[in-house]
Amino acid sequence: MKALVTGISGFVGSHMAEFLLREGVEVVGTIRNRSRMDHIAHLLKDIRLAECELRDPFSVESLIGTEQPDLIFHLAAQSFVPTSWNSPIDTIHNNVAGEVNLFEAIRRFGLGTRIQIACSSEEYGQVEPDETPIRETNPLRPLSPYAISKVAQDYLGYQYHKSYGLHVVRTITFNHTGPRRGENFVTSNFAKQIVDIEKGKKPPVIYVGNLDAKRDFTDVRDVVRGYWLALEKGKPGENYNIASGKCYTISEVLALLLSFSEVKIEVKTDPARLRPSDVEILLGDYRKFNEATGWAPEIPFEKTMEDLIEYWRAQP
Ligand SMILES: C[C@H]1O[C@H](OP(=O)(O)OP(=O)(O)OC[C@H]2O[C@@H](n3cnc4c(=O)[nH]c(N)nc43)[C@H](O)[C@@H]2O)[C@@H](O)[C@@H](O)C1=O
């Protein structure tokens, strides 16, 4: 069995590759010439890398024709919400064109490849108080260009399944984190700031954005197990929430991370971290996915946060 992981050098891609190797699957991953390799340096003897620009249809067609994978985990994306306000077209082009090029190549070679698409809870956007926990049937009211790009990815998955019978499973993942999470994202950003203060690299002040937002966090290691099960047991064309079913305010996340440290830290709002519109609450209902695949989260949030802060403490 051969799996292609797009964006293998990224946060989720590196965990996906580790999971697949443990399952005994042959792993090929896409990188671009500017990809960072530090997340997958320890895997290089066990995986193969293919340079591929997903926005370029010729690059994708040549990759798919050569590799003809049994499974695709499509994880490559511009995934940071604030970047999508600074360069909306780039986010939309990157996320949407990459997926269309993959689907078109699979279709043209007539492959039966099973494809997982990483959709996002950001698609739900503005959620009303009586709509939580959020089910897959909830209206989509996206609040950022990133969310729009994910709505497009999601419905393209649906459409290519309906129009051409492609085996596409749409996973709608709520926030996820863990070791190697990029330092822009809130959990890693706070953990790294705390560790930089502990190491004396910066004064004892932590900068924060909107602490009132509520998010549902799952450990990335549970998420990649979910992606595998989505292709093992999920129904093609369907969408499935992957979530923990619990949510925390960002101020509770901050308090938890601060509780792991001995140093005294002042908290200051950085206006540059506030967004034109921020999704107020994301709390997911994962029953549909559980019923289809048996998946449930296993790693408690406190353990994920401890592992994350230890990850930053171990960085040079
Ligand atoms: C499901 C979804 O999950 C992620 O999107 P996100 O929720 O925007 O993630 P984040 O970690 O940037 O923010 C979480 C919350 O935390 C608030 N917040 C406060 N203070 C800071 C702060 O200082 N930095 C950041 N980044 N956020 C802050 C911020 O305003 C927001 O309310 C991506 O994986 C995305 O790809 C995805 O699909």
Side-chain angles (χ1 to χ4, degrees), residues 1 3 5 11-25 71-75 79 114-124 127 131-138 140 150 154 157 167-181 185-188 213-250 252-253 256-257 279 281-308 310-311:
M1 170 107 60
V5 179
F11 163 59
V12 186
S14 65
H15 285 279
M16 191 78 238
E18 283 176 357
F19 180 90
L20 292 168
L21 290 172
R22 284 198 299 274
E23 292 292 319
V25 174
L71 309 174
I72 295 180
F73 296 93
H74 180 38
L75 308 177
S79 64
R114 285 180 274 155
I115 312 162
Q116 171 266 341
I117 297 299
C119 307
S120 164
S121 57
E122 273 287 302
E123 292 174 45
Y124 295 119
V127 173
E131 292 177 335
T132 59
I134 308 163
R135 306 210 65 174
E136 292 82 352
T137 46
N138 214 75
L140 305 181
K150 287 287 159 180
D154 190 348
H167 186 120
V168 179
V169 181
R170 303 139 64 203
T171 49
I172 307 182
T173 311
F174 285 62
N175 291 60
H176 40 299
T177 183
R180 302 184 210 131
R181 186 37 144 167
F185 298 88
V186 73
T187 48
S188 245
K214 298 189 179 91
R215 290 290 186 274
D216 175 331
F217 291 95
T218 304
D219 192 290
V220 64
R221 294 159 288 195
D222 280 334
V223 168
V224 297
R225 182 169 49 82
Y227 291 168
W228 167 259
L229 286 171
L231 291 190
E232 284 286 292
K233 299 185 171 166
K235 214 170 139 209
E238 284 298 322
N239 60 354
Y240 298 102
N241 282 344
I242 299 187
S244 75
K246 292 189 195 131
C247 80
Y248 296 85
T249 61
I250 300 302
E252 287 169 335
V253 173
L256 177 62
L257 284 166
V279 173
I281 179 163
L282 290 173
L283 167 60
D285 182 330
Y286 66 86
R287 266 180 296 169
K288 181 179 172 188
F289 193 49
N290 174 267
E291 278 156 23
T293 68
W295 181 89
E298 287 172 0
I299 305 172
F301 184 55
E302 292 71 16
K303 161 86 174 127
T304 307
M305 289 298 93
E306 262 183 85
D307 289 355
L308 181 62
E310 285 307 329
Y311 166 77

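Heavy-atom basis, side chains included; hydrogens, waters and symmetry copies ignored. Throughout, residue positions are numbered sequentially from 1 according to the sequence presented.
Residues forming a side chain to side chain donor-acceptor pair (under 3.5 Å) with Ser120 (at least two apart in sequence, or on another chain): none. Residues that satisfy the side chain to side chain contact (heavy atoms under 4.5 Å, CB included) test with Ala3, not counting sequence neighbours, are Leu20, Val25, Leu71, Phe73. Scored by the salt bridge (charged side-chain N to carboxylate O under 4.0 Å, His left out) test, Lys246 finds no partners at all (sequence neighbours excluded). The side chain to side chain contact (heavy atoms under 4.5 Å, CB included) search around Glu306 returns Phe260, not counting sequence neighbours. Residues satisfying the ring-ring contact (aromatic ring centres under 6.0 Å, His included) test with His15, not counting sequence neighbours, are Phe11. With sequence neighbours left out, Arg181 forms a salt bridge (charged side-chain N to carboxylate O under 4.0 Å, His left out) with no residue at all. For Thr171, the side chain to side chain donor-acceptor pair (under 3.5 Å) criterion is met by Gln116, not counting sequence neighbours. Residues satisfying the side chain to side chain contact (heavy atoms under 4.5 Å, CB included) criterion with Asp285, sequence neighbours excluded, are Pro133, Arg135, Arg287. With sequence neighbours excluded, the residues forming a salt bridge (charged side-chain N to carboxylate O under 4.0 Å, His left out) with Asp222 are Arg225, listed by chain and number. Residues forming a side chain to side chain contact (heavy atoms under 4.5 Å, CB included) with Lys235 (at least two apart in sequence, or on another chain): Glu238, Tyr240. Annotation: ring-ring contact (aromatic ring centres under 6.0 Å, His included) contacts of Tyr311 (sequence neighbours excluded): none. Checked against salt bridge (charged side-chain N to carboxylate O under 4.0 Å, His left out), Asp216 has no partners two or more places apart in sequence or in another chain.
Residues Pro179 and Asp307 share a closest heavy-atom pair of CG-CB, 4.1 Å. Considering all non-hydrogen atoms of both residues, Tyr124 and Leu140 come closest at CD2-CD2, 3.6 Å. A pairwise comparison of heavy atoms in Thr293 and Leu229 identifies CG2-O, 3.8 Å as the closest pair. Annotation for Gly284 and Ala243: closest pair CA-CB, 3.8 Å, computed over non-hydrogen atoms. Across Cys247 and Ile281, no two heavy atoms sit closer than the pair SG-CD1, 4.2 Å. Closest non-hydrogen pair, Cys119 versus Glu123, comes out as CB-OE2, 3.1 Å.
Distance check: Ile115 CD1 to His74 NE2 gives 9.5 Å after rounding to the nearest 0.5 Å. Atoms NZ and CE, from Lys303 and Met305 in turn, are 11.5 Å apart once rounded to the nearest 0.5 Å. Going from atom CG of Leu75 over to atom CD1 of Ile117 covers 9.5 Å, rounded to the nearest 0.5 Å.
Looking at heavy atoms from C-beta onward, Thr304 lies out of side-chain contact with Phe217 at the 4.5 angstrom threshold. Side-chain contact between Leu256 and Tyr248 is absent, with no heavy-atom pair separated by less than 4.5 Å. Put simply, the side chain of Lys233 does not reach to within 4.5 Å of the side chain of Phe289, judged on heavy atoms. Within the 4.5 Å cutoff, the side chain of Asp219 has no heavy atoms near those of the Pro297 side chain. Considering only heavy atoms from C-beta on, Arg215 comes within 4.5 Å of Ile250 through its side chain. Taking the side chain as every heavy atom from C-beta outward, Val253 and Phe301 approach each other to under 4.5 Å. By the 4.5 Å heavy-atom criterion applied to side chains, Pro236 and Arg114 are not counted as neighbours. Proximity of Ser121 to Ile134: side-chain heavy atoms (C-beta onward) are nowhere separated by under 4.5 Å.
Remark: the backbone N or O of Ser244 is paired with a side-chain donor or acceptor of Thr218 at under 3.5 angstrom. No donor-acceptor pair closer than 3.5 Å links the side chain of Asp154 to the backbone N or O of Arg170.
Checked options Asn175, Leu282, Thr173; the residue passing with Glu122 is Leu282 (criterion: side-chain contact (heavy atoms from CB on, under 4.5 Å)).
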*Output, in order, the C-alpha distance, side-chain angles, deciding distance and verdict of side chain to side chain contact (heavy atoms under 4.5 Å, CB included) for Val5 and Tyr227.*
CA-CA 11 Å; Val5 179; Tyr227 291 168; over 6 Å; no
*Could you give me the CA-CA distance, side-chain angles and deciding distance for Asn239 and Lys288, then say whether side chain to side chain contact (heavy atoms under 4.5 Å, CB included) is met?*
CA-CA 9 Å; Asn239 60 354; Lys288 181 179 172 188; 2.9 Å; yes
